[in-house]
Amino acid sequence: MEIKMINGEEIAVALNLIWTTFLQFEASDYSDEGVKSFRNFIEDKKIIETLEFWGAYDHGELKGVIATNEKRKHICCFFVKARYHRQGIGRKLWEYLLAHSQNKTITVNSSPYAVPVYHKLGFIDIDTEQVADGIRYTPMKYDR
């Protein structure tokens, strides 16, 4: 497994993985407005250009993606292809981010589906579930 930065045309592959996985596991927790808001987010080129993307590759196949903003302080997207869940890929991406971020605290607005995953990675809830533009999320943080 190799973790490397995703650039250029590979961003489209990463965004496709994110969208496909979102539809499989998260869309059912959102209203139509929330699904549309998420789609608009990942299709907004100006926003996407502000993010850093890393991918977990195995034999040339992108199996998982983590994307951050604010100089690796906030996780914006964190997805692993369905058939590779529970194989440690997400943990490897997370550990890579930790090793390559100088931030004392890393934050995320977790989808309902991912809250238990973030808890396993050491995140704690910092507020109750919120809803913005139809997107349900729980604000969480990880302190070193």
Side-chain angles (χ1 to χ4, degrees), residues 1-101 103 105-142:
M1 183 76 51
E2 178 185 16
I3 308 297
K4 64 182 181 178
M5 187 167 265
I6 302 172
N7 291 306
E9 294 178 16
E10 285 294 305
I11 294 288
V13 175
L15 293 172
N16 185 58
L17 182 154
I18 289 167
W19 178 242
T20 301
T21 307
F22 172 85
L23 290 175
Q24 286 178 288
F25 296 97
E26 300 188 19
S28 63
D29 289 330
Y30 293 85
S31 64
D32 290 343
E33 176 192 20
V35 172
K36 184 178 178 184
S37 293
F38 186 79
R39 181 70 183 214
N40 289 341
F41 169 75
I42 64 170
E43 289 182 346
D44 188 320
K45 290 182 186 195
K46 286 183 181 179
I47 292 174
I48 296 305
E49 287 173 0
T50 69
L51 305 180
E52 289 184 310
F53 289 81
W54 290 272
Y57 290 86
D58 191 27
H59 298 30
E61 179 185 0
L62 180 61
K63 293 186 173 184
V65 174
I66 193 167
T68 64
N69 66 5
E70 299 180 38
K71 298 183 181 185
R72 304 178 190 165
K73 185 179 180 185
H74 182 79
I75 297 171
C76 299
C77 294
F78 191 4
F79 293 87
V80 174
K81 283 184 182 179
R83 68 181 173 271
Y84 301 117
H85 282 193
R86 300 190 182 281
Q87 295 180 26
I89 295 168
R91 181 165 296 279
K92 285 184 173 108
L93 284 163
W94 166 240
E95 289 171 354
Y96 184 90
L97 173 62
L98 271 180
H100 293 86
S101 172
N103 296 298
T105 299
I106 297 175
T107 60
V108 68
N109 291 329
S110 177
S111 67
Y113 178 83
V115 167
V117 175
Y118 284 109
H119 284 158
K120 277 186 167 183
L121 296 175
F123 283 77
I124 60 167
D125 301 7
I126 56 176
D127 204 344
T128 58
E129 183 178 281
Q130 314 284 308
V131 179
D133 298 321
I135 295 178
R136 294 173 53 203
Y137 66 92
T138 300
M140 303 178 85
K141 72 175 183 171
Y142 176 90

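- Classified by interplanar angle (parallel below 30°, tilted 30° to 60°, perpendicular above 60°), the ring pair F123/Y118 is perpendicular.
- Listed here is the closest heavy atom pair of K63 and D58: NZ-OD2, 2.9 Å.
- Remark: N109 engages no residue in a side chain to side chain donor-acceptor pair (under 3.5 Å) (not counting sequence neighbours).
- Summarising the geometry of P112 relative to D29, their closest heavy-atom pair is CB-OD2, 3.8 Å, with the distance given to 0.1 Å.
- Scored by the side chain to side chain donor-acceptor pair (under 3.5 Å) test, T21 finds no partners at all (sequence neighbours excluded).
- Looking at residues two or more places apart in sequence or on another chain, you find no side chain to side chain donor-acceptor pair (under 3.5 Å) involving Y113.
- The NZ atom of K4 sits 11.0 Å away from the OH atom of Y96 when rounded to the nearest 0.5 Å.
- Contact record, L51 with C76: CD2-SG, 3.6 Å, taken as the closest heavy-atom pair.
- Considering only heavy atoms from C-beta on, H100 stays 4.5 Å or farther from W54 through its side chain.
- Taken to the nearest 0.5 Å, the OG1 atom of T107 stands 11.5 Å off from the CE atom of M140.
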Please table the atom pairs, donor to acceptor, closer than 3.5 Å between any side-chain atom in residues 86-93 and protein atoms at least two apart or in another chain.
from : atom 1 : to   : atom 2 : distance (Å)
Q87  : NE2    : R83  : O      : 3.1
R91  : NH2    : K120 : O      : 3.4

Show every donor-acceptor pair shorter than 3.5 Å between a side-chain atom in residues 10-18 and any protein atom, with sequence neighbours excluded, or say none if there are none.
from : atom 1 : to  : atom 2 : distance (Å)
E10  : OE1    : Y57 : OH     : 3.4

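- Looking at residues two or more places apart in sequence or on another chain, you find a salt bridge (Lys or Arg N to Asp or Glu O under 4.0 Å) between K141 and D143.
- Take F22 and apply the ring-ring contact (aromatic ring centres under 6.0 Å, His included) test, not counting sequence neighbours, and it matches W19, Y30, F38.
- With sequence neighbours left out, the side chain to side chain donor-acceptor pair (under 3.5 Å) criterion links K36 to no other residue.
- E26 places no side-chain N or O within 3.5 Å of a backbone atom of Q24 that could act as its donor or acceptor partner.
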TODO: Decide yes or no on side-chain contact (heavy atoms from CB on, under 4.5 Å) for I75 and W94, but give the supporting numbers first.
DONE: CA-CA 10 Å; I75 297 171; W94 166 240; 3.9 Å; yes
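- The side-chain hydrogen bond (donor to acceptor under 3.5 Å, both in side chains) analysis of residues 39-51, with sequence neighbours excluded, yields the pairs R39-E43.
- Rounding to the nearest 0.5 Å gives a distance of 11.5 Å between CD1 of I66 and CZ of F53.
- Looking at residues two or more places apart in sequence or on another chain, you find a ring-ring contact (aromatic ring centres under 6.0 Å, His included) between H85 and F25.
- The salt bridge (charged side-chain N to carboxylate O under 4.0 Å, His left out) contacts involving residues 121-130 comprise E129-R136, where partners must be two or more places apart or lie in separate chains.
- Inter-residue side-chain proximity for F41 and I47 is flagged as met; some heavy-atom pair is nearer than 4.5 Å.
- For the atom pair F78 CZ and L121 CG, the distance stands at 5.5 Å (nearest 0.5 Å).
- Rounded to the nearest 0.5 angstrom, L62 CG and K81 NZ are separated by 6.0 Å.
- The two residues S101 and I106 make their nearest non-hydrogen contact at OG-CD1, 4.1 Å.
- Using a 4.5 Å heavy-atom threshold, the side chains of Y142 and V108 count as separate.
- Applying the ring-ring contact (aromatic ring centres under 6.0 Å, His included) rule to Y137 yields no partners; only residues at least two apart in sequence or on another chain are considered.
- S37 contributes no side-chain N or O that, together with a main-chain N or O of I135, makes up a donor-acceptor pair within less than 3.5 Å.
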